[in-house]
Amino acid sequence: MSRKAALVAESASIVAVLLAAAVLVAGAWSMRDTNESRRAARREASKALRECAPEAVLPYLEKLVAEKAFHTWFEKAEDGSESPWRFWTLRCGSLTRVPYDYIGQLAEDQFIRFAGDGGAKPADVARLKEMLAFSEKLVKSGVLSVPAANALKERRLDGYFLSNDFDGAIKYLETEGAPNRTPAWCTGTAAKLRAHKAMAAKDNREAIKQLLVFGDFMLSDEQKDFEDCDPTTGIVYSRDWVVARNYMRCANMSRELGDAANADKYFAEAKKYFATAHDKAKDDQKSLETLRDEMKAAGLEPPALPAKPAAPAPAPAQEAPASK
């Protein structure tokens, strides 16, 4: 082949490669990182997670964290040269990757799902512990924004509680501390966890002691505006409702111990705080019904509800005028 023909052939090859590159770059541009592409990526990730079998959830989340968004590389030409102008290839993945903050949110959702199932079942405990380890790794990697990291830290505390890992939760509170929480909050919550641990061990005296520490914290000025909405039911728990439950537990355990005097004292306190909780819930029908059922189960008569206004009587039908 003459030198001229070789040059023509090489030029044709270069043109073909450039045309192919242009097509790939155009495709890449069509998948560029935009608000809409980010929303689409989030929707796709969420849908895929919902379709995962329970044992595939964690591998999927880990895949999202490690997934690369865009890959470009060159191949050597047949003659071994490194020139990018000869027989190079471009491989383009989606330009949009799922944001790390959204991966944190997906992990949060898993903790909420366990809570929504009515607490972790024995088969879930191992997965919860895996999720705790994954979320800790995600937080410590530094890829999350501060608000996203703090939100996931809060859910990690739920995860410890749901898996009955009271020691893990107490250690977490007393070493790392919960984000945006005061030392008093961490101390009060650790007391609550110690109480649950003691109740599980049937150690009523220790449980009462710790519940009273937690109750004192709940009645402090720091908690005067406390409200907690259960995301799985929509029920809103006021401070008074939490305190009433606390005293009712103390009353029941004191009675089991044969301590009638303290049992009566705690029962009277529970009755008082249930009454104020009832007043606070009067405009929230769903929470009010749940609260009234709880009061009845505790042996308390809920306050009478205001009578519903009677429906107005229908207007008397007017007789048609007699025809003339």
Do Arg42 and Ser46 have a side chain donor and acceptor closer than 3.5 Å? no
Side chains of Trp185 and Gln223: do they bring a donor and an acceptor to under 3.5 Å? no
Are [X] and [Y] side-chain neighbours, meaning at least one heavy-atom pair lies under 4.5 Å?
X	Y	result
Leu257	Asn262	no
Leu288	Leu305	yes
Tyr266	Ser254	yes
Tyr273	Trp241	no
Asp228	Val236	no
Arg181	Glu154	yes

State whether [X] and [Y] are salt-bridged, where the test is any N-O pair (Lys NZ or Arg NE/NH1/NH2 against Asp/Glu carboxylate O) under 4.0 Å.
X	Y	answer
Glu294	Arg245	yes
Arg127	Glu55	yes
Lys197	Asp167	yes
Lys265	Glu269	no
Glu62	Lys137	yes

Would you say that more than 12 heavy atoms from the other residues, nucleotides or ligands in this model lie under 6.0 Å from the NZ of Lys271, or not? no
Under 3.5 Å: donor-acceptor pair, side chain of [X], backbone of [Y]:
X	Y	answer
Thr189	Cys186	no
Arg155	Ile112	no
Ser287	Asp284	no
Asp101	Ser145	yes
Lys272	Ala244	no

Give me the ring orientation class for His196 and Phe161: parallel if the planes are under 30° apart, tilted from 30 to 60°, perpendicular past 60°. perpendicular
Between CD on residue Glu301 and CZ on residue Arg292, distance to nearest 0.5 Å: 7.5 Å
In this structure, CG of Leu211 is separated from CG of Asp216 (nearest 0.5 Å) by 11.0 Å
